[in-house]
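Values below: every heavy atom of this structure, side chains too, minus hydrogens, waters and symmetry copies. Chain naming here is simple, since letters A, B, ... match the order of the sequence lines and numbering starts at 1 in each.
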Amino acid sequence: MASPTYITTPIYYVNDRPHIGHCYTTGLADCLARFSRLASGDPSQTYFLTGTDEHADKVVTSAAAHGMTPLQWADRNAAAFEEAFRACNYTHDDFVRTTQDRHKTKVIEYINALLASGDVYLGEYTGWWDASQEEYLTETMAKEAGFISPVTGKPLVKRSEKNYFFRLSKYQARLKAHIDAHPTFILPEARRNEVLGRLRDGLEDIPVSRAVTDDPASRWGILMPNDPGHRIYVWIDALFNYLSVVDRPELSRFWPASVHLMAKDILWFHAVIWPCMLMALNRPLPRRVYAHSYWVREGVKMSKSLGNFVTIEVMQAYAARYGMDALRWYLLTQGPSGTTDADFSHARFVEVFNADLANGIGNCASRVGNMIDKYFGGVLPEGVREHVAEGSTRSLSACCAASAANTMKALDTCDAGEALLAGIAIVREVDQYINLTSPFKLAKTVDADPSAKTRLADILYTCAEAIRVASVLLSPGLPTKMAQLWSAWGCAPAAGATLESLASFAGVHGLRAGSRVTKGEILFMRADPAEPAPA
RNA sequence: GCCGAGGUAGCUCAGCUGGUUUAGAGCGCUGGAUUCAUAACCCGGAGGUCGUGGGUUCGAGUCCCACCCUCGGCACCA
C-alpha cells in the first residue's frame with residue numbers, strides 16, 4: 001500500500017461558478033485521497049490534484065464584459081473555486097491553473113515531442129461553419145440542423161482551415177487492446193461498454209489546434225511552438241494538466257495517475273483521446289478513468305434556464321445548519337457515483353442525516369460515552385477485553401474486521417459511499433449489542449455483585465472500541481466530527497499508522513485502559529424534517 | 001436514426017451463470033419492548049401480479065420473442 005497514489009479531478013472551466021457538480025467530483029476525490037493517506041499511513045505517498053481550465057475563448061469575452069484582462073478574470077474565478085473547496089474541507093495537495101508557466105512550458109514540450117514523432121501534423125479541417133456563433137458543426141450535427149445555424153437559422157457554410165491534427169486513428173487498436181486487457185480501466189462498467197461501443201465505429205484524427213486570427217481573443221491560449229499562426233486547442237491543453245503537474249523529478253513517482261475522476265460528459269476525452277495521446281508520448285496510461293453521473297435537484301434536472309443549481313451558496317447554507325461533514329456525507333453516500341443520476345432532495349437529506357448520523361454514529365457514541373462516564377467516571381477500566389454477547393453469532397471484533405474489509409473492497413472500485421457505509425454497519429451492530437447485553441441494567445447490580453463490574457467494563461470497552469474502529473472508517477467522510485470524537489475519547493489516530501492497523505479491534509492502536517473517555521459534545525443533533533430547506 | 005442500460009415493496013435499490021428460500025436490504029410507515037442515549041436504540045409487522053403479453057423448461061425477476069415505458073451514449077461541448 002506504500003505505492004504512490006495520484007488522484008485527479010477535472011480542471012474546471014474557470015467561467016463557471018462553483019456548484020454541487022464541481023464540489024461532488026472534488027469531494028469524491030477528497031474522500032478517496034483521505035482514504036489513501038489513511039491506508040498507507042504516509043501522506044506523502046498520495047497526491048490529490050484539482051484546478052481550473054482557463055484558456056477557453058469565452059474567458060476572453062467574459063473578462064472583457066467585466067472590464068478585466070483575461071488573466072484578472074481567471075484569477076478572480078479560480079479563487080472562487082479555491083474558496084469553495086476550502087469551505088468544503090477538501091485536502092487537495094495542489095491546485096493547477098492552465099495559465100501557470102509550470103503547465104504551459106510542459107504542454108509545449110509535449111506538443112514538440114508529438115510534432116517530432118509525427119503524431120501531430122498539419123492538416124486541413126473541413127466543417128460547417130456557423131458564422132454567427134463562430135464555430136464549426138460536425139457533419140452529423142450540421143445535417144441534423146438542416147445545414148442552418150441552430151441559433152440564428154442562417155445557412156451554414158462549408159469551410160476549411162489549416163489545423164494541426166493528432167493521429168488518434170493510429171492508436172485505436174492499441175487502446176482497444178488496453179481496455180480489453182484492463183476490465184477496470186474505465187468505470188463504471190456501463191461507461192466502459194459505451195466507450196467500447198463507440199470505438200467500434202472507428203476513430204478519426206482530431207484537430208488539436210485553432211487558428212490565431214486578427215481577433216485578439218484568439219491569442220488567448222498556448223501558441224503552437226512551431227507555428228504562431230495556431231494555438232493549442234483548449235481541450236488538449238487542459239488534458240495535459242494531469243501529467244504536467246507531476247512531470248518533474250520530485251513528483252514523477254506519481255505518474256501514472258491512479259484515477260482520473262470526472263462527470264460522464266467528459267468521459268470520451270479521458271478514456272480515449274487522453275490515453276492515446278499518452279501512448280503517443282510513450283507514457284504509461286492512468287490506471288483508471290472513473291465517470292460518475294449528475295445531480296438533479298428535487299427531481300428536476302439542474303439548468304441555467306431554470307436557475308435551480310445547487311450553488312456553493314446553497315451548499316454553505318446546508319453546512320451552516322447541519323455541518324459540512326453532514327453535507328459531505330450526503331454527497332458521498334447518496335451521490336451519483338454510478339450510472340444513474342442522484343437527487344439532491346431536502347427531505348432525503350434530512351432522512352439520511354437522521355438515520356446515519358444523528359441516530360447512528362452520533363447517538364451511539366453518545367450512549368457509550370455517557371455510560372463510561374457514568375459508571376466508570378470517564379476512565380476506561382483496567383483489564384478490559386472483548387465481551388461477546390450470549391446467543392450472538394458474531395463478535396464485534398469480527399464485525400469490525402468484516403467492515404474494514406468491506407471498506408477496502410469498496411475502495412478497489414472507487415466506491416467511497418460504500419466504503420463509508422461499512423462504518424455505519426459497525427454502529428448498527430453496537431446498538432444491537434447494547435440492547436442485547438443491557439449494560440445499564442448490569443450497572444445496577446454492581447453493588448451486590450462485584451463480578452458484574454468486570455463484565456460491565458468488558459462490555460463498555462467492547463462498545464467503545466468498536467465505535468473507535470467505526471470512526472476510523474468514517475473519518476474520510478466525516479473528518480471534523482470524527483476528530484471531535486477522537487478528541488473526546490483520546491484516541492486520535494497516531495501519525496504514520498495505517499488504516500489496517502487503526503481498524504484492528506483492540507490492536508496496537510486500540511483504546512487503552514486507563515485512558516479518559518469523556519462524553520464530549522453531541523456529534524449530530526437530530527434534525528427536524530418539518531423545517532424548510534435552508535435558503 | 002444508430003448503439004446501449006433498465007423497468008422488483010411508498011422511496012432508493014440487492015437479487016451473478018434459471019430450482020437455499022414461503023422474493024430480500026436500507027429508509028419511511030405502523031404495533032411492541034426498553035431507558036444508557038439525541039422521543040434516540042432494539043424487536044415484530046406491513047403482503048410488491050418482480051413493466052405487459054406470449055414462449056422454452058419438470059421449474060423463470062433470473063432464458064427466448066413481441067410490445068409499452070424510462071434513461072444513457074453518439075467525438076472538437078468542460
Side-chain angles (χ1 to χ4, degrees), chain A residues 10-16 21-22 25 52-54 56 58 125 127 135-141 143-144 163 165-166 168 188-191 193-210 233-236 238-239 262-270 272-273 291 293-294 333-334 338-343 345 347-348 350-352 354-360 362-375 421 424-425 427-428 430-444 456 459-460 463 519 521-527 529:
Chain A
I11 49 177
Y12 302 107
Y13 180 40
V14 79
N15 258 13
D16 278 349
H22 309 111
T25 312
T52 42
D53 169 28
E54 312 193 345
K58 283 180 185 159
Y125 177 81
E135 67 180 15
Y136 282 101
L137 296 179
T138 59
E139 187 69 33
T140 39
M141 289 187 67
K143 189 184 284 179
E144 261 176 40
N163 268 135
F165 282 75
F166 170 59
L168 186 63
E189 199 183 345
R191 299 293 169 208
N193 292 337
E194 282 176 11
V195 171
L196 282 170
R198 284 179 62 187
L199 230 35
R200 279 193 285 276
D201 296 337
L203 295 178
E204 286 172 24
D205 294 352
I206 54 166
V208 294
S209 71
R210 284 295 143 91
Y233 176 49
V234 61
W235 249 111
I236 302 303
L239 282 169
M262 75 217 64
K264 58 189 177 186
D265 55 337
I266 55 175
L267 176 62
W268 185 254
F269 291 89
H270 289 80
V272 175
I273 297 173
S293 300
Y294 292 143
T333 63
Q334 305 297 312
T339 335
T340 46
D341 294 347
D343 193 9
S345 140
R348 182 83 182 132
V350 173
E351 276 179 17
V352 169
N354 282 336
D356 292 343
L357 305 182
N359 301 344
N363 180 246
C364 193
S366 171
R367 64 197 301 211
V368 170
N370 194 62
M371 285 191 278
I372 292 174
D373 177 78
K374 196 178 274 188
Y375 308 142
L421 254 4
I424 294 295
V427 173
R428 228 185 285 286
V430 172
D431 272 328
Q432 225 168 349
Y433 171 85
I434 293 174
N435 282 54
L436 213 55
T437 55
S438 305
F440 39 89
K441 280 185 188 163
L442 198 58
K444 289 170 184 161
L456 180 59
I459 288 172
L460 291 182
C463 293
K519 286 197 287 186
E521 281 178 39
I522 295 292
L523 256 22
F524 300 98
M525 184 50 81
R526 197 178 152 73

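- Annotated as syn: B:G61, whose glycosidic dihedral is within 90° of 0.
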How does RNA chain B look in dot-bracket notation if pairs are Watson-Crick or G-U with both distances under 3.5 Å, crossing ones as [ ], other-strand ones as |? (((((((..((((.....[....)))).((((.........)))).....(((((..]....))))))))))))....

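- The aromatic ring of A:Phe269 does not stack onto the base of B:A75, failing the criterion of a centre distance under 5.5 Å from the six-membered base ring together with planes under 30° apart.
- Listed by chain and residue number, A:Trp235 satisfy the ring-ring contact (aromatic ring centres under 6.0 Å, His included) test with A:Phe269 (two or more places apart in sequence, or in another chain).
- Out of B:C36, B:A75, B:A37, the shortest distance to the side chain of A:Leu168 is found at B:A75.
- Take the nearest nucleotide of RNA chain B for A:Leu239 and for A:Lys374: the residue whose nucleotide is more 5' is A:Lys374.
- For A:Arg210 and B:C76, a side-chain-to-base donor-acceptor distance below 3.5 Å is present, hydrogens and geometry of angles not being considered.
- Taking only side-chain atoms of A:Lys444, from C-beta outward, the nucleotide of B:A78, B:U35, B:U38 with the closest atom is B:U35.
- When the ring-ring contact (aromatic ring centres under 6.0 Å, His included) test is applied to A:Phe165, the partners found at least two apart in sequence or on another chain are A:Tyr121.
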Each nucleotide N or O in nucleotides 39-42 of chain B that has a protein N or O under 3.5 Å away: list the pair and distance.
unit_1: B:A40; atom_1: OP1; unit_2: A:Arg526; atom_2: NE; d: 3.3
unit_1: B:A40; atom_1: OP1; unit_2: A:Arg526; atom_2: NH2; d: 3.1
unit_1: B:A40; atom_1: O2'; unit_2: A:Asn363; atom_2: OD1; d: 3.0
unit_1: B:A40; atom_1: O2'; unit_2: A:Asn363; atom_2: ND2; d: 3.3
unit_1: B:C41; atom_1: O2'; unit_2: A:Arg367; atom_2: NH1; d: 2.9
unit_1: B:C41; atom_1: O2'; unit_2: A:Asn435; atom_2: OD1; d: 3.2
unit_1: B:C41; atom_1: O2; unit_2: A:Asn435; atom_2: ND2; d: 3.4
unit_1: B:C42; atom_1: O4'; unit_2: A:Asn435; atom_2: ND2; d: 2.8

Between the protein and nucleotides 14-17 of chain B, which nitrogen or oxygen pairs come in under 3.5 angstrom?
none

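- Among B:U34, B:G28, B:U38, the nucleotide with an atom closest to any side-chain atom of A:Lys441 is B:U34.
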Using atom names, set out every protein N or O paired with an N or O of nucleotides 70-72 of chain B below 3.5 Å, distance rounded to 0.1 Å.
unit_1: B:G72; atom_1: O2'; unit_2: A:Arg191; atom_2: NH1; d: 3.0
unit_1: B:G72; atom_1: O2'; unit_2: A:Glu194; atom_2: OE2; d: 3.1

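- Mapping A:Pro10 and A:Gly362 onto RNA chain B via the closest heavy atom, the residue that lands nearer the 5' end is A:Gly362.
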